[in-house]
Each structure stands twice: as structure tokens, then as C-alpha cells.
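Not measured: the values here are computed from a predicted model. Throughout, protein chains are lettered first and strands after them, A, B, ... in sequence-line order, and every chain is numbered starting at 1.
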Number of protein chains: 2
Amino acid sequence: MEVETAPTTKGRPREFCVDKALVDALHIFWAKGYDGASMTDLTEAMGITKPSLYAAFGNKEALFHKALDLYEAEKLEYTRAALDQPTARKVAEYYLRGALDTHCGATDPKGCMGLLGTLACSPEADSIKADVVRRRASSHRALVERFERAKAEGDLPAQIDPEGLTSHMLAILQGITVQASAGASRAELERLVDTSLALWPGK
Amino acid sequence: MEVETAPTTKGRPREFCVDKALVDALHIFWAKGYDGASMTDLTEAMGITKPSLYAAFGNKEALFHKALDLYEAEKLEYTRAALDQPTARKVAEYYLRGALDTHCGATDPKGCMGLLGTLACSPEADSIKADVVRRRASSHRALVERFERAKAEGDLPAQIDPEGLTSHMLAILQGITVQASAGASRAELERLVDTSLALWPGK
DNA sequence: CAACTTCCATAACGGACGGTATATAATATA
DNA sequence: TATATTATATACCGTCCGTTATGGAAGTTG
């Protein structure tokens with residue numbers, strides 16, 4: 001049993017770039033969701049055949065997890081950077097504006113890949129769902145802690161519930177991605193964010 | 001060419017109740033989404049065979065639209081009742097608490113059937129998607145008008161953008177249903193709603 | 001060169017999908 | 001009772017799904 005893909009250079013070299021193929025796969029999953037993306041969709045977008053895909057990535061599910069890793073690392077970087085902002089208000093602003101750029105940009109698919117993953121309901125997608133839920137829980141936790149710190153530092157009012165505020169802000173974020181998927185314009189979503197920030201508590 | 005199902009009583013009478021079967025179908029679509037619900041899932045839950053289903057409802061897509069009609073009429077009644085509340089704050093409160101009861105109750109499936117419909121990405125589900133988006137747009141419009149009226153009546157501050165506030169509130173609503181689908185507890189979502197209402201502008 | 005290893009292309013696998021043809025059972029009408 | 005009409009039950013259709021077996025092409029190593 002081999003633990004990893006052997007780093008040998010023997011045999012015929014592969015004719016495609018694994019990293020580029022993964023980027024292509026990510027775009028398909030992002031646009032169509034796990035169930036909606038067929039192997040044919042994927043292989044056509046990646047420019048490779050099915051046996052090549054299986055040799056390089058394992059299977060569809062493994063490919064999705066790898067695409068999700070890439071998505072988190074590249075596209076969700078703003079959610080980590082947001083935590084470093086000096087005040088709770090700036091955290092929220094960074095978060096929501098980042099969501100706007102990421103989920104309603106011109107080049108990438110509209111909406112959130114994770115959201116599609118969570119709501120995919122095929123029986124075999126349960127492992128996908130669990131993965132996304134787990135990742136989301138860790139963002140949630142980090143945000144609660146950040147808002148607790150903000151409360152201690154005085155840039156959130158004392159009566160604010162950090163747990164509730166986190167769920168509230170993530171709900172807005174999810175709503176943004178839902179509306180983006182449904183075809184809302186960037187301008188519309190900017191007014192949404194402006195309103196949410198106008199109602200934000202504290203400084 | 002017959003325009004409607006003939007109201008005759010000739011021939012063998014059907015052995016199941018169409019209305020009850022539709023309720024069963026609704027629960028399946030609600031829990032699994034359009035693509036996730038297979039004809040086998042549906043017929044088993046409805047207790048009928050496929051030919052009976054096709055004779056009574058046309059096909060899967062027509063069945064979904066009828067189930068969506070029922071869903072809107074019965075489960076989304078609160079969104080209409082909300083508009084009759086005396087102030088913008090009460091409208092929001094009615095809306096969000098109603099969402100809690102409807103999408104995080106004990107008996108019905110968690111989450112929002114419309115949301116699953118919008119995010120279903122199979123090619124043949126485009127008509128489903130368009131239907132849901134259209135229905136949602138009309139709720140949106142009604143809400144904007146209600147908030148404009150509230151502004152005129154003085155229970156919303158002058159600097160509030162009714163369009164943005166509507167998108168904001170619907171985003172929270174969508175976030176609630178997303179989190180409910182993902183397994184959030186009722187208590188968690190109540191804290192979310194409490195926070196959202198604590199931040200609500202005006203009286 | 002031959003031997004070996006790895007990748008690519010074709011085509012097929014079993015299974016599930018939405019949808020239906022056919023035959024039989026049950027009722028109303030005449 | 002005979003006939004027409006409609007519902008049910010079974011079995012099947014073609015298509016697409018994710019996955020894989022097979023044969024040959026392309027490269028490295030001796």
C-alpha cells in the first residue's frame with residue numbers, strides 16, 4: 001500500500017499540469033456544486049480524460065475536497081485577514097466587503113462554493129456536507145473569540161452577545177452569497193452591505 | 001386536446017388522495033431539493049406508483065411547482081402576515097420569528113424549500129430556479145414598499161435605505177435557513193434573531 | 001536496442017435516473 | 001350483463017452517472 005504518489009520520474013510523464021487542472025475543477029464545482037458537476041463536466045473543463053483524473057486525484061469526492069482546500073486557501077483568505085482588523089466594526093466591514101469581492105466578482109462564479117456543498121442533498125454527498133460544516137464551525141469559533149476580545153477592548157457595547165452577533169454576521173454573509181447566486185447585481189449587494197454596516201453596533 | 005383534467009366520474013376511481021400525496025411530495029422536496037428527490041423517493045413517500053403519479057401530476061417538474069404552490073400558501077403565510085404589522089420593527093420581528101418557527105420547527109424539514117430550489121444546479125432545474133427567483137422578487141418588492149411606508153410614517157430613521165434594509169433583512173432570513181439546514185440548534189438561531197432585532201433601526 | 005514503468009485513449013461496466021408501454025383490475029354507464 | 005373508461009401493477013426503455021478494464025503510446029533506465 002503506497003502512502004503517497006511516488007516521487008519517481010520513471011515512465012511516461014503526465015501531459016497536463018495537476019495544479020492548473022485543479023483550478024479548472026474548482027471553477028466547475030463552484031459553479032455547479034458537487035452533485036451538479038458531472039465527471040464529464042469536470043474532465044472537459046480540465047482538458048483531461050477520466051482515467052487521467054482518477055490517476056491524479058483518486059475520485060470525484062477526493063477531487064472535491066482538494067478543490068475545497070484550494071478554495072479556502074485562496075478565496076477565503078479574506079475571512080482570516082478580517083480577524084486582524086483593529087476593531088469589531090472593521091472586522092465586519094472587511095468580512096462583508098470581502099464577501100462582495102469574492103462571491104460577486106466578475107471572473108469567478110457567483111455565490112459560495114461551501115454553501116452549495118452544504119445544501120447538496122445527494123446521499124453520497126454527506127461526507128462533503130460534514131466537511132464544509134466542520135470548516136464553517138471553526139470560522140464561527142474564531143469570530144466569536146474575536147468579538148469577545150472586541151467587547152473586552154470596548155469597541156462593542158456591553159449588552160452585545162458575541163455568539164449571537166457572530167451568527168448574525170455570518171447569516172448576512174450567507175444571504176449575500178445566496179442573493180449573488182440568484183443573480184443579484186453588485187450594486188444591490190453593496191446597498192445591502194452598506195445597510196448592515198450602518199446598523200453595526202459599537203465603533 | 002383536453003384543456004384540463006375532465007371532471008367526469010366515469011371509470012375506475014383513484015385509490016389515493018391527491019392532496020395528501022402532494023403534502024407527502026412537498027416534504028420530500030423540502031428535505032432533499034429538486035434534484036435530490038428521486039421519483040422513487042417521491043412515489044414511496046406518497047404511497048403510489050409512478051404511473052399514478054404521472055397521471056395525477058404530469059411529471060416531476062409539474063409536481064414540484066404544485067408542491068411549491070402549497071409550500072408558499074401554507075408555510076410562507078407568515079411573510080404576508082408580517083406586512084400587516086403596525087411598525088417596521090414589528091414587521092421584522094414577525095418575519096424573523098416566523099422564519100424560526102417555519103424553518104427550524106420540530107415537525108417539518110429544516111431549512112427553506114425555496115433556497116434549495118434556487119441552488120439546485122442541474123441543467124433541467126433552470127425552470128425551477130426561475131420560478132423561485134420570480135416568487136422571491138415579489139416578496140422583496142412588497143417588503144421595500146412596506147419599509148418605504150414605515151419611513152413615511154416615521155418608524156424608520158430618515159437616513160435608512162428601504163431597498164438596502166430589505167436586502168439586509170432577507171439576507172438574515174436566508175442565513176437563518178442556511179444555518180438551520182446545516183444543523184444549527186433552535187437556541188442558537190434565537191440568539192441570532194435576538195441580535196438582529198437588537199440592531200434593528202427605528203421603533 | 002530491449003525492458004520496464006507510467007500515462008493516455010477507447011470503450012465498457014453496473015446502476016440509477018426520469019419516463020412509459022402494456023396488461024389487468026375496478027368502476028360507471030347503457 | 002356488456003361496454004367504455006380510468007386506475008393500478010409490472011416491467012421495461014434509453015440515457016446518463018461514477019468508475020474501471022484494456023491496449024497501446026511515450027518516456028526512463030539498463
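- Note on B:R14: a side-chain N or O is less than 4.0 Å away from OP1 or OP2 of D:dA7.
- Using a cutoff of 4.0 Å between basic side-chain nitrogens and carboxylate oxygens, A:E153 and A:R149 are scored as salt-bridged.
- Remark: A:K90 NZ is loosely packed, at most 12 non-hydrogen atoms of other residues, nucleotides or ligands lying under 6.0 Å away.
- When heavy atoms are screened at a 4.0 angstrom cut-off, B:E15 is found touching the sugar-phosphate backbone but no base atom.
- Taking a cutoff of 4.0 Å between a charged side-chain nitrogen and a carboxylate oxygen, A:K32 and A:D41 qualify as a salt bridge.
- Taking atom OH of residue A:Y34 and atom C1' of nucleotide D:dC17, one finds them 11 Å apart after rounding to whole Å.
- The distance from atom CZ of B:F57 to atom P of D:dA7 is 12 Å, rounded to the nearest whole Å.
- Rounded to an integer number of Å, the gap from CG of B:D41 to P of C:dC17 is 7 Å.
- Distance from the side chain of A:Y54 is smallest for D:dG18 among the nucleotides C:dC17, D:dG18, C:dT27.
- Between B:Y78 and B:Y95, the angle of the ring planes goes over 60°, which puts this pair in the perpendicular group of the 30/60° scheme.
- Every pair tested for ring-ring contact (aromatic ring centres under 6.0 Å, His included) that includes a residue from residues 97-139 of chain A fails, sequence neighbours excluded, so the list is empty.
- We find that NZ of A:K32 is positioned 13 Å from C1' of D:dC16, with the value rounded to whole Å.
- Counting to the nearest Å, the C1' atom of D:dG30 and the NZ atom of A:K10 are 12 Å from each other.
- For the pair B:R14 and B:F16, the cation sits on the ring face: its NZ or CZ lies under 6.0 Å from the ring centre, inside 45° of the axis.
- Between the side chain of A:R12 and the base of D:dA26, no donor-acceptor pair of N or O atoms lies under 3.5 Å.
- Taking a 4.0 Å limit (strictly below) on heavy-atom distances, residues 59-66 of chain B reaches DNA chain C at B:N59, B:K60.
- Whole-Å rounding puts the A:M39 CE to D:dT15 C1' distance at 18 Å.
- Look at A:R186 and A:E190 and you find a salt bridge, because one of the NZ, NE, NH1 or NH2 atoms lies within 4.0 Å of a carboxylate O, short of that distance.
- More than 12 heavy atoms of other residues, nucleotides or ligands sit less than 6.0 Å from atom NZ of B:K66.
- A salt bridge does not link A:R97 with A:D101: none of the charged nitrogens is closer than 4.0 Å to a carboxylate oxygen.
- For the segment residues 42-52 of chain B, residues with any heavy atom less than 4.0 angstrom from an atom of DNA chain C are, sorted by number, B:K50, B:P51.
- In this structure, A:D35 atom CG and C:dG18 atom C1' are separated by 17 Å, rounded to whole Å.
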